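Not measured: the values here are computed from a predicted model.
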Amino acid sequence: MRIGILGTGAIAEAVVRGIAADGHEITVSDRSATRAAALAREVAGLRVAPNQAVLEAADVVILGLVAGAAATVLPGLRFRPGQRVISLMAGAALTEVAAWVAPARAEAVMLPYPAIAAGGSPILAFGDTGLVTALFGARNRIFALASEAELADFLVAQAVLSPLALALADTAAWLAPRVSDPAAAEVFLRDLVATSLAAGPLRDLLTALDTPGGYNRRLRQHMERAGLTGDLRAGLDDLAGRAPPR
Ligand SMILES: NC(=O)C1=CN([C@@H]2O[C@H](COP(=O)(O)OP(=O)(O)OC[C@H]3O[C@@H](n4cnc5c(N)ncnc54)[C@H](OP(=O)(O)O)[C@@H]3O)[C@@H](O)[C@H]2O)C=CC1
Ligand SMILES: O=C(O)[C@@H]1CCC=N1
């Protein structure tokens with residue numbers, strides 16, 4: 001396929017890497033010049049061009065802008081009938097994207113994660129998810145959602161990833177200076193969490209980690225007493241009650 005990417009940011013880079021070996025003709029916008037140039041060096045045949053030239057060279061357009069920029073940038077560009085658009089933008093409804101890219105067809109909103117670069121990532125998708133599945137389904141798991149409301153709730157819930165990653169980074173920083181191989185601290189913790197979460201349901205894991213007097217149980221109870229679970233719920237409710245900033 002001839003694929004154009006508008007907004008060559010962090011997630012667009014991961015998406016490009018995830019399909020780099022699939023034989024597509026990829027053009028990315030020149031705005032994040034350093035990142036775009038690095039992709040051009042590493043991905044065979046990838047071209048870098050101004051926004052409008054990206055659209056001229058593409059039948060499938062992937063939007064990797066932040067929604068606030070998209071609202072001003074996209075209406076000034078010329079999309080064409082028959083172009084198929086996938087938006088990566090959290091906080092821009094599919095109907096809104098459809099208005100910005102007309103007369104092209106806004107097919108789906110897709111929320112990928114940095115892990116899409118290597119494959120094996122979950123992907124949230126809403127709309128007509130056929131194109132998303134064709135491009136990314138072989139290497140990743142697509143979670144097709146039934147409505148914008150469902151997408152909005154998943155968007156709130158997925159935000160737990162960043163505080164979880166921060167808790168792990170803080171723990172690795174606590175461990176590293178105490179041990180003989182500091183580099184092993186973060187690698188161990190990432191492995192521990194990734195394999196434990198992949199093994200099965202969270203409730204089973206929590207039960208297995210509930211050894212009386214055990215380290216896991218004592219730290220969990222400390223965090224519960226400190227208000228962690230209440231804070232988390234309040235944070236989720238707060239996100240759910242506010243529109244993202246534009
Ligand atoms: N990061 C993530 O894990 C995920 C992000 N998303 C969504 O992807 C989108 C981008 O996020 P992220 O990659 O993190 O953000 P970045 O800030 O890394 O990327 C935004 C990109 O948009 C570019 N840009 C800004 N203005 C223009 C313009 N006028 N023309 C062309 N490009 C422009 C920026 O270029 P410049 O640097 O030159 O300003 C930058 O390359 C957001 O909508 C976010 O919700 C979705 C899922 C996951
Ligand atoms: O706003 C978000 O949470 C999306 C997904 C990760 C980064 N951006």
[X] with [Y]: basic N within carboxylate O range, under 4.0 Å:
{"X": "Arg233", "Y": "Asp237", "value": "no"}
{"X": "Arg84", "Y": "Asp128", "value": "no"}
{"X": "Asp22", "Y": "Arg139", "value": "yes"}

From [X] [atom1] over to [Y] [atom2], what is the distance, rounded to the nearest 0.5 angstrom?
{"X": "Arg141", "Y": "Thr133", "atom1": "CZ", "atom2": "OG1", "answer": "13.5 Å"}
{"X": "Gln83", "Y": "Asp59", "atom1": "CD", "atom2": "CG", "answer": "7.0 Å"}
{"X": "Thr171", "Y": "Phe188", "atom1": "OG1", "atom2": "CZ", "answer": "11.0 Å"}
{"X": "Leu155", "Y": "Leu124", "atom1": "CG", "atom2": "CG", "answer": "6.5 Å"}
{"X": "Met110", "Y": "Leu94", "atom1": "CE", "atom2": "CG", "answer": "14.0 Å"}
{"X": "Thr8", "Y": "Asp30", "atom1": "OG1", "atom2": "CG", "answer": "7.5 Å"}

Quick one: does any side-chain atom of [X] pair with a main-chain N or O of [Y] as donor and acceptor, under 3.5 Å?
{"X": "Glu96", "Y": "Ala93", "value": "yes"}
{"X": "Ser29", "Y": "Gly7", "value": "yes"}
{"X": "Glu107", "Y": "Gly127", "value": "no"}
{"X": "Thr129", "Y": "Ala125", "value": "no"}
{"X": "Thr72", "Y": "Ala69", "value": "yes"}
{"X": "Asn140", "Y": "Ile123", "value": "no"}
{"X": "His24", "Y": "Met1", "value": "yes"}

So which of Val60, Val28, Leu63, Ile86 actually passes side chain to side chain contact (heavy atoms under 4.5 Å, CB included) with Ile5?
Val28

If you compare all heavy atoms of [X] against all heavy atoms of [Y], which two are closest, and at what distance to 0.1 Å?
{"X": "Gly4", "Y": "Val54", "result": "CA-CG1, 3.6 Å"}
{"X": "Tyr113", "Y": "Ser121", "result": "CB-OG, 3.7 Å"}
{"X": "Ala67", "Y": "Ala92", "result": "CB-CB, 3.9 Å"}
{"X": "Thr95", "Y": "Glu148", "result": "N-OE2, 4.0 Å"}
{"X": "Leu77", "Y": "Leu55", "result": "CB-CD1, 3.7 Å"}
{"X": "Ala106", "Y": "Ala98", "result": "CB-CA, 3.6 Å"}

Please evaluate residues Val16 and Ile62 with respect to the criterion side-chain contact (heavy atoms from CB on, under 4.5 Å), reporting the C-alpha separation (whole Å), side-chain torsions for both, the decisive distance (0.1 Å), and the verdict.
CA-CA 10 Å; Val16 167; Ile62 297 178; over 6 Å; no

Would you indicate whether the side-chain heavy atoms of Leu111 and Ile11 approach each other to under 4.5 Å?
no

Can you confirm whether Arg190 sits close enough to Leu168 that some side-chain heavy atom of one is under 4.5 Å from a side-chain heavy atom of the other?
no

Kindly work out whether a path of hydrophobic side-chain contacts (I/L/V/M/F/W/Y, heavy atoms less than 4.5 Å apart) joins [X] to [Y].
{"X": "Leu131", "Y": "Ile26", "result": "yes"}
{"X": "Val15", "Y": "Phe143", "result": "no"}
{"X": "Ile116", "Y": "Leu88", "result": "yes"}
{"X": "Phe136", "Y": "Ile3", "result": "yes"}
{"X": "Val61", "Y": "Val73", "result": "yes"}

Glu150 vs Phe126, side-chain contact (heavy atoms from CB on, under 4.5 Å): CA-CA, chis, key distance, verdict
CA-CA 9 Å; Glu150 196 171 274; Phe126 170 67; over 6 Å; no

Is the number of heavy atoms from other residues, nucleotides or ligands under 6.0 Å of Leu166 CG greater than 12?
yes

More than 12 non-hydrogen atoms from neighbouring residues, nucleotides or ligands closer than 6.0 Å to CD on Gln158, yes or no?
yes

Running the 4.5 Å side-chain criterion over Ile, Leu, Val, Met, Phe, Trp and Tyr, what cluster does Leu175 land in, apart from itself?
Trp174, Val179

Just distance, no hydrogens or angles: give the donor-acceptor pairs under 3.5 Å from side chains in residues 36-51, sequence neighbours left out.
residue : atom : partner : partner atom : Å
Glu42   : OE1  : Arg17   : NH1          : 2.7
Glu42   : OE1  : Arg17   : NH2          : 2.9

Using the side-chain contact (heavy atoms from CB on, under 4.5 Å) rule, take Arg78 and Gln52 through it: C-alpha gap first, then chi angles, then the decisive distance, then the call.
CA-CA 7 Å; Arg78 290 182 308 284; Gln52 188 59 47; 3.6 Å; yes

Determine all donor-acceptor pairs shorter than 3.5 Å in which one atom belongs to a side chain in residues 205-212; sequence neighbours excluded.
residue : atom : partner : partner atom : Å
Thr207  : OG1  : Arg203  : O            : 2.9
Asp210  : OD1  : Arg217  : NE           : 3.0
Asp210  : OD1  : Arg220  : NH1          : 3.2

